[in-house]
Amino acid sequence: MTDTATNAQRYFEEVEIGEEYIQTQVPSRENVLEFLSTWSDPGDEIRGRFTDQAGANKDGLQKPIVPGNMSASMITRLVTDWAGPLGRIVSLDISFRRPVQHDDQLKCLALVTERGDDLAEAGGPAIVSIDVSFENERSEKPVQGTAQVELPRRDAE
Amino acid sequence: MSSRRKKGFQIDGFVLTEHRNYNQSLNYDELASRYNAIVLRGIEVETDIGHVLVYGAGPAFFETFDLSDISLPYEDVFRVAWDSGGIAVGAHAGRPRIGALEHVDERNVALSGVSILETLNGGSNDFENARAHELASNKNIREVGGSDSHFVSTLGACLTRFQGEVSNISELVGILRSSSSQFIPLKLEETLPGADIPESRPSSEQLIPHTSGQGELGGEELEYDRSVVGKEIFGGKLEVTSDAITKYCDAIDETNPIYVDSDFAKTGPYAGIIAPPGILQTAQVESPPDPNVKFGTTQFMAGSHQEYLLPIRPGDTLDAYVKVKEVYEKTGRSGRMVFIVRQTRWANQFGENVALLETSMVIRQIQ
């Protein structure tokens with residue numbers, strides 16, 4: 001599903017506003033089925049639009065779609081991949097603006113929008129704000145969001 | 001804006017147009033100063049031909065309309081905006097239901113008094129923008145671009161280039177009202193020095209149709225059980241096991257060693273593996289009391305707000321406390337939409353809150 005995840009550690013002092021982290025995710029039907037198996041049974045009625053064309057059509061959709069909580073999980077993974085093992089999500093807001101369809105080629109972007117220098121200098125947590133989004137091959141951004149992430153500091157090492 | 005400018009894109013400013021909200025007490029001077037940008041205030045209202053952006057309207061506009069109304073009469077909105085010294089612009093004109101196009105096509109709406117349409121919108125796809133441009137061309141209506149940015153990272157995705165000075169809302173309105181002024185919609189990449197601005201963009205016939213034209217606008221007052229809103233109940237337990245963490249990590253191709261590599265995790269701040277925060281999104285809990293909304297045929301996840309307070313470890317037993325936080329409605333691409341926001345508060349075996357998850361479900365009417 002994902003092309004790369006470096007798991008490199010990111011440190012607060014080295015983050016720059018405007019810095020981008022990009023990965024590609026392509027959620028296939030098999031990926032969706034595996035994700036569904038973590039929380040629902042194969043017979044669940046809810047599965048229809050997530051797994052087959054007829055179920056999707058019934059809900060007015062062009063193709064089967066990725067469950068919202070799977071998209072949310074993919075976003076949380078994007079954020080923790082960006083942050084590295086010692087980073088921590090403080091909060092995350094996600095907006096589902098269009099359906100994510102099976103096999104969509106998703107360019108997953110994390111963009112640094114703010115660095116909480118004032119708070120960090122005052123002895124508070126080292127918080128960075130990032131925008132996160134998926135962009136599909138139709139130039140649509142079906143999922144967008146913002147995250148507040150606490151990062152480790154170099155000087156704390 | 002800083003990051004856009006570093007890459008050579010030209011963005012001088014933007015208008016903040018909150019949906020159905022015009023708060024004059026907010027001061028954008030500090031924001032403008034910090035980013036050396038022009039920051040202006042407008043509003044996006046909802047009318048019977050979709051969403052409409054209003055700039056520079058006087059008090060009469062706000063006295064005339066209930067901004068929370070999701071089906072304001074568009075002719076009145078455009079007329080009163082103009083008469084009170086402002087200007088109204090049809091937003092994202094090519095989008096199903098919330099743009100003007102389908103109302104013109106399906107109900108022969110005349111677009112009386114509409115002098116400007118947003119035909120290059122950062123939230124619309126190319127097909128939707130193409131058909132918006134075709135509508136404007138056919139009706140001899142002038143065009144602008146806008147980012148429709150709900151997030152900082154999409155600011156300036158589409159924008160408008162004006163010939164002449166725009167440093168405040170009066171100058172913006174003056175240019176938009178003047179029949180002799182010059183302005184054109186642009187995409188961000190077209191602001192790069194030396195970039196080509198195409199004389200024409202692909203037509204809707206050259207593009208793959210891609211919209212989700214579903215549903216119909218409704219007008220009746222929303223019926224639901226208001227007594228359940230805010231009532232928190234116990235929603236069940238979650239035993240966090242190593243197996244469950246592994247299964248979740250496998251399902252989303254998780255490779256972060258703090259979640260999957262026990263040797264690495266032992267040396268980290270938690271002295272062992274912790275659960276990825278996303279695992280709570282797959283936990284099944286009892287639903288809070290049903291507000292029993294009398295509307296719609298299907299529902300989808302619209303949004304999620306998550307706060308992570310403490311690490312979750314294998315062996316933890318979490319209690320879920322659930323409630324309906326809010327029920328509200330608005331109009332979207334598919335017409336009328338009702339949102340139910342449900343909140344789950346997760347507490348560990350020590351009684352400490354570890355996470356707060358809110359899920360917003362949208363209910364729609366599918367024909």
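The figures here come from the full heavy-atom set of this structure, side chains too, leaving out hydrogens, waters and symmetry mates. This is a predicted model, so every value here is computed, not measured. Order of the sequence lines fixes the chain letters, A, B, ..., with proteins taken first and strands second; residue numbering starts at 1 for each chain.
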Inset, instruction - Check each atom of Thr76(A) against the heavy atoms of chain B and say whether the ones under 4.5 Å are side chain, backbone, both or neither. - result: side chain

Inset, instruction - Could you look at Ile274(B) and say if it's the side chain, the backbone, both or neither that has a heavy atom under 4.5 Å from chain A? - result: neither

Legend entry - Ile252(B) backbone acceptor or donor facing Arg77(A) side chain under 3.5 Å: yes

Inset, instruction - Begin with the C-alpha distance, continue with both residues' side-chain angles, and end with the deciding distance and a verdict on side chain to side chain contact (heavy atoms under 4.5 Å, CB included) for Ile94(A) and Gln306(B). - result: CA-CA 9 Å; Ile94(A) 307 171; Gln306(B) 308 169 12; 3.9 Å; yes

Legend entry - Exercise: identify the closest heavy-atom pair between Asn256(B) and Thr80(A): ND2-O, 3.4 Å

Legend entry - Side chain / backbone / both / neither for Glu20(A) at chain B, heavy atoms under 4.5 Å: side chain

Legend entry - Residue selection (most heavy-atom pairs with chain B, distance under 4.5 Å) from Thr146(A), Asn31(A), Ile89(A): Ile89(A)

Inset, instruction - Measure Leu92(A) against the heavy atoms of chain B and call it side chain, backbone, both or neither at under 4.5 Å. - result: both

Legend entry - chain A contacts, top residue of Ala251(B), Gly278(B), Pro257(B), Ala265(B) (heavy-atom pairs, under 4.5 Å): Ala251(B)

Legend entry - Glu114(A) portion near chain B, given a 4.5 angstrom heavy-atom threshold: side chain

Legend entry - Whether Arg88(A) side chain and Tyr308(B) backbone form a donor-acceptor pair below 3.5 Å: yes

Inset, instruction - Could you tell me which of Ile279(B), Thr282(B), Ile258(B) has the largest number of non-hydrogen atom pairs under 4.5 Å with chain A? - result: Thr282(B)

Legend entry - Lys6(B) (side chain) donor-acceptor with Ile17(A) (main chain) under 3.5 angstrom: yes

Legend entry - Residue part contacting chain A, namely of Asp250(B), when any heavy atom lies under 4.5 Å: both

Legend entry - Any donor-acceptor N/O pair, Asn125(B) side chain to Glu140(A) backbone, under 3.5 Å: no

Legend entry - Atom group of Pro277(B) that falls short of 4.5 Å from chain A, counting heavy atoms: side chain

Legend entry - CZ on Phe96(A) to OG on Ser360(B), rounded to 0.5 Å: 9.5 Å

Inset, instruction - Check for a donor-acceptor pair, side chain of Lys247(B) on one end and backbone N or O of Ser37(A) on the other, with a separation under 3.5 Å. - result: yes

Legend entry - Glu137(A), CD: over 12 other non-hydrogen atoms inside 6.0 angstrom: yes

Inset, instruction - Heavy atoms only, distances under 4.5 angstrom: which of Val90(A), Leu111(A), Thr113(A) has the most pairs with chain B? Name it, please. - result: Val90(A)

Legend entry - OG1 on Thr298(B) to CZ on Arg49(A), rounded to 0.5 Å: 4.5 Å

Legend entry - Heavy-atom proximity to chain B below 4.5 Å, by part of Ile130(A): neither

Legend entry - Over 12 foreign heavy atoms within 6.0 Å of CD, Glu286(B): no

Legend entry - Largest heavy-atom contact set with chain B, pairs under 4.5 Å, which of Ala147(A), Gly145(A), Ser95(A): Gly145(A)

Inset, instruction - Quick one: pull up OG in Ser149(B) and CD in Gln144(A) and give me the separation to the nearest 0.5 Å. - result: 7.5 Å

Legend entry - Minimum heavy-atom distance Gln281(B)-Ser73(A), with the two atoms named: NE2-OG, 3.1 Å

Inset, instruction - Considering only heavy atoms and a distance below 4.5 Å, find which of Ala302(B), Ala355(B), Ala244(B), Gly268(B) pairs most often with chain A. - result: Ala302(B)

Inset, instruction - Heavy-atom distances under 4.5 Å only: say whether Glu254(B) touches chain A with side chain, backbone, both or neither. - result: both

